[in-house]
Engineer: 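A single structure is presented below for examination.
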Amino acid sequence: MKKKMKRIGVLTSGGDAPGMNAAIRSIVRSAVHYKMEAFGIFRGYEGLINEEMKILDHRSVSNIINRGGTILKTGRSDKFKTAAGRRRAYEVIKRNNIDGLVLIGGDGTYRGGHIFNKEWGVPCIGVPGSIDNDIKGTDFTIGSDTAVNTALEAIDKIRDTATSMERIFIVEVMGRSSGYIAINAALSGGAEDVLIPERKYDMQELCQDIVEGNLRGKMSWIVIVAEGVAKAGDIAKMITDTTSLETRVVTLGHIQRGGSPTARDRTLATRLGAEAVSLLRKGLNAKAVGVIGNKINIVGLGTAVTKKAADVNSLCRLIKILT
Ligand code: F6P
């Protein structure tokens with residue numbers, strides 16, 4: 001018979017992402033609604049091992065829906081990667097009578113939750129929180145929309161100076177081994193080219209495009225480079241070496257992780273947080289929640305960790321057509 005959930009724990013782990021707070025709020029308030037207690041676990045898996053936790057009530061998550069980052073703090077834990085660390089985490093869970101966990105984070109978080117669940121049987125539900133949008137089983141991860149918008153805002157500003165001074169800008173965006181932010185920021189920002197890890201790029205072709213553009217009178221270029229491809233500085237050097245044209249480099253870095261979440265991220269976080277609690281109540285285990293085609297989608301936690309293959313060829317072609 002399935003055990004009644006009386007007390008759940010929630011943690012954020014890995015890189016923070018805008019909208020994590022909206023998810024925490026939704027999880028805590030859903031738990032309270034169903035007469036469960038919600039433990040906020042601080043600093044991800046490390047905080048779980050160190051028993052850094054407190055009960056969160058309805059009001060303790062007031063006014064956080066609009067805030068970036070995570071009130072629970074986050075990080076990556078080397079200890080949790082060891083069997084001894086996970087044993088310690090299990091002891092903490094038992095001691096505190098926690099019946100299930102909601103894990104908000106990216107693929108590393110899911111991987112940790114999956115192995116922990118297999119070893120100790122603690123019910124775990126994953127909620128995808130990552131700016132990279134690289135988790136299988138969901139069209140979007142919480143934070144990816146905000147990150148694209150943050151990058152876009154920067155690109156719009158770069159465009160002002162790029163066109164005024166007729167320069168080539170290479171803009172590096174985050175995403176680890178995913179090109180999601182790069183391709184979407186490039187499309188929405190009207191960039192002239194984009195280099196992403198999912199697709200081979202041809203440096204000679206890029207340089208030739210720039211030179212030909214110059215001959216037609218197109219003097220300013222914005223090239224978006226996903227961090228998983230190369231350092232923007234290296235791409236800029238190759239362009240200058242080949243074309244003898246001046247370049248400028250901007251690395252957007254961690255600003256892409258901050259800021260108030262967009263409506264889309266808040267909505268997604270709110271829906272998925274509530275769904276995670278509902279799955280725990282139903283006695284489901286080792287699942288990850290997501291949305292596919294705007295409908296809630298549930299997959300195995302172990303399945304969700306694998307990177308999804310993004311269909312990017314048509315989007316890259318579109319950028320080329322429009323340049
Ligand atoms: O996974 C989120 C992410 O922001 C990646 O896009 C990036 O590669 C990485 O985290 C940066 O990690 P850190 O904050 O540890 O430098």
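Computed over heavy atoms, backbone and side chain alike; hydrogens, waters and symmetry mates excluded. Read the numbers this way: they start at 1 and go in the same order the structure lists the ligands and their atoms.
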Engineer: Is a donor on one side and an acceptor on the other found under 3.5 Å between the side chain of Thr150 and the backbone of Gln256?
Structural biologist: no
Engineer: Can you list every salt bridge (Lys or Arg N to Asp or Glu O under 4.0 Å) pair that touches residues 210-220, not counting sequence neighbours?
Structural biologist: Glu192-Lys218
Engineer: I'd like to know if Lys73 pairs up with Asp16 as an ion pair, taking the criterion as any Lys NZ or Arg NE/NH1/NH2 lying under 4.0 Å from an Asp or Glu carboxylate oxygen.
Structural biologist: no
Engineer: Hey, which residues fall under 4.0 Å of ligand 1 on heavy atoms?
Structural biologist: Arg76, Ile131, Asp132, Met174, Gly175, Arg176, Glu227, His254, Arg257
Engineer: If we ignore hydrogens and angles and just use 3.5 Å, is the side chain of Thr74 paired with the main-chain N or O of Gly15 as donor and acceptor?
Structural biologist: no
Engineer: Pairs of donor and acceptor atoms involving the side chains of residues 116-131, under 3.5 Å and at least two apart or interchain, shall be tabulated with distances.
Structural biologist:
unit_1: Asn117; atom_1: ND2; unit_2: Val122; atom_2: O; d: 2.8
unit_1: Asn117; atom_1: ND2; unit_2: Asn285; atom_2: OD1; d: 2.7
unit_1: Glu119; atom_1: OE1; unit_2: Arg86; atom_2: NE; d: 2.7
unit_1: Glu119; atom_1: OE2; unit_2: Arg86; atom_2: NE; d: 3.2
unit_1: Glu119; atom_1: OE2; unit_2: Arg86; atom_2: NH2; d: 2.8
unit_1: Ser130; atom_1: OG; unit_2: Asp132; atom_2: N; d: 3.0

Engineer: What pairs meet the salt bridge (Lys or Arg N to Asp or Glu O under 4.0 Å) rule with one or both residues in residues 150-162, with sequence neighbours excluded?
Structural biologist: Glu153-Lys157
